[in-house]
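Just so it is clear: chains get the letters A, B, ... in the order the sequence lines come, proteins before strands, and each one is counted from 1. Here the structure is a predicted model, which is why all the values come from computation and not from measurement.
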Amino acid sequence: MADLLSIYVHIMAARMRAQLQYRVSFVLQLVGSFSLSFTDFAVVLVIFAHLPYLAGWSLGEVAFLYGTSYMAFQLSDIAVGQLDQLPVLIQSGDFDMVLIRPLGALFQVVTLDFTLRRFGAFGQGALVFALALARTDIHWTAGRVLVLTLMPVWSIPIFASVWVVGATSAFWAVRSMEVINLVTHGGQLLTQYPLQVFGAWIQRLVIFVVPLAFVNYFPSLYVLGKPDPLGAPEFVRFASPVVAIVLVVVAGRIWNFGVRHYRSTGS
Amino acid sequence: MAPIVSVENLEKRFAVSRKRQGARGLLGKLARETIDVRAVDGISFSIQPGEMVGYIGPNGAGKSTTIKMLTGILVPSSGLVRVAGLDPSRRRIELTRHIGMVFGQRTQLWWDLPLRDSFDLLRYIYRVPVERFRVNLDTFVELLDLGPVLDTPVRQLSLGQRMRGDLAASLLHDPEILYLDEPTIGLDVVVKARIREFLAELNRERGVTVLLTTHDISDIERLCSRVMIIDRGHLIYDGSLSAIKERFGDERMLVVDLEEPAPPIDVPGAIVEKVDGPRQWLRFHRSETTAAALIAAVAARVRLRDLTIEEPEIEDIVRRIYGGADPGRAR
């Protein structure tokens, strides 16, 4: 494990050096990523230009969801976003190269590239989150501070696990890019808004099937001190760490299953 | 000595789904059937440490499938494989430390990083001790003349430079076995020569076992004392390169220069392949006639000035094998 971490750091450091060599290009990408991602938040602002509340949530509260979701998602993207390339790797046969090195296949795929520009979009999320803190009147308790600071600990693994599961489909259907995008980027959209604005089946989907509601929705109810309009029991607000652990284990199993399938069919 | 690679009755079957014949349209999409394709159909061989073996065969014959099973990328359908004492399909990650692999058409280097950084990362990945790494890197940089391009990002390298970089990268962790898949494809003569020299030296100095697939028979002529030929999943030849001629090359060519141009000579046991002025090429089969009998027969019909007998080129023989013409029986 310590070995993996040191290899990870070395790969990332080499990548950063390589990308920072083109300083102007890097800054432009960063700025581009930052500003482009604001169009997402513009949608939220447009909604609140017409409504004081969205399904009982104020602008500051929605911004809280949006900011926490955005930051977690961008960090997940930095960590495992390279999985989007898996169909290409399989099609070109380059996935074979991954199997002849003394490291796990998943580790190698996610470290194939490292896109620093994602920090631009992360910055946008952070800015919106700051706005949320300014606009909401949270009654801070030790518990709430704790839940908020620990949020990345489960939100990133949950997003990353969903990403891994989506990408694993590439071992069966090479043209599965759309599937991967649907569950990752699509899933992220669902966590930017209060769950009540979506239909009942989507709510069930993100609670029971692809449990993205545990990324930030349930913990945010606790931090913001809001009653749950869906009437979920109190403990659900604290279930996120457990959900994350289960999801990571399940995703790991599914990934290994996919690799085994690849190694028996070679496609 | 115990073999470093041993393969017994190795098989790999793929289930390929095909449209059922005759079925069309929507019904055709549903009416699919699975066909079992035997990519590798029961092959056996073993390789001793320090051997350099050429592994050749037409496209789709099962070369890469075999190598993928030797590396643990693919799991065999049946049969036994041992590489460096390990079962590749079960102990793939452990095995990676014993093997190096170079694909002519792919790279294991990091596309956007300077060559030096790629080497450095491999040092961490394979946990090569610093001392050993230095020695290896210096050796390979010198032998492969990589000094001038060490700080160039891989994507800016020429094919020849990248290939040499890949070779060095595959050897930094001191593998005992090196698999090479078309290592000279698309390279110019000078680079090809350099790479062959390097491989010969590597084998001589370090005793690295090499298994080489290639379409360039001259790679094998320069490097390999042993050749295995695979065709449609079967190993049809395993022996020395020169013995290929005896096994498959029983056709020879008698080239005669006549005093004056003549119509194609009609002699039993030989076919005139080509006529060019006073020169004629007669192809004959060793089993049907001897060179001496043929020359006597020709001399009885026309006035000869000069003659030569041409042995078939190995490349021609292999090409005929590839072409599917049955060059002889499998063992």
Can you confirm whether B:T71 sits close enough to A:L99 that some side-chain heavy atom of one is under 4.5 Å from a side-chain heavy atom of the other?
no
Under 4.5 Å from any heavy atom of chain B - which part of A:R15
both
If you look at every heavy atom in B:D117 and A:A14, which pair is closest and at what distance?
OD2-CB, 4.0 Å
From A:I100 atom CD1 to B:Y179 atom OH, the distance as rounded to the nearest 0.5 Å
10.0 Å
Tell me whether the count of non-hydrogen atoms from other residues, nucleotides or ligands lying under 6.0 Å of CZ in A:F38 goes above 12.
yes
Counting only heavy atoms closer than 4.5 Å, note whether B:I73 contacts chain A via side chain, backbone, both or neither.
both
Does atom CZ of B:R134 have more than 12 heavy-atom neighbours from other groups under 6.0 Å away?
no
What part of B:L95 gets within 4.5 angstrom of chain A, counting heavy atoms only: side chain, backbone, both, or neither?
neither
Minimum heavy-atom distance between B:L74 and A:Y262, given as atom pair plus value:
CD2-O, 3.9 Å
Max heavy-atom pair count under 4.5 Å with chain B, selected residue of A:I7, A:L103, A:V98, A:D96
A:D96
Atom CG in B:D120, atom CD1 in A:I11: separation rounded to 0.5 Å?
11.5 Å
A:R253 CZ: over 12 foreign heavy atoms closer than 6.0 Å
no
Which one, B:S89, B:P153, B:P76, leads in non-hydrogen pairs under 4.5 Å with chain A?
B:S89
If I compare all heavy atoms of B:I125 with all of A:P102, which pair ends up nearest, and what's the gap?
O-CG, 3.6 Å
Nearest 0.5 Å, please: how far is CE in A:M97 from CG in B:D166?
6.5 Å
I'd like to know if the side chain of B:K12 and the backbone of A:S264 have a donor-acceptor N/O pair within less than 3.5 Å.
yes
Output yes when a side-chain donor or acceptor of A:R101 lies under 3.5 Å from a complementary backbone atom of B:Q108, and no otherwise.
yes
Tell me whether B:Q156 at atom CD has more than 12 heavy atoms from other residues, nucleotides or ligands lying less than 6.0 Å away.
yes
What verdict does the side-chain contact (heavy atoms from CB on, under 4.5 Å) test give for A:R263 and B:R92, after you've listed the backbone C-alpha separation in whole Å, the side-chain angles of each residue and the deciding distance to 0.1 Å?
CA-CA 11 Å; A:R263 291 178 64 211; B:R92 174 176 63 80; 3.8 Å; yes
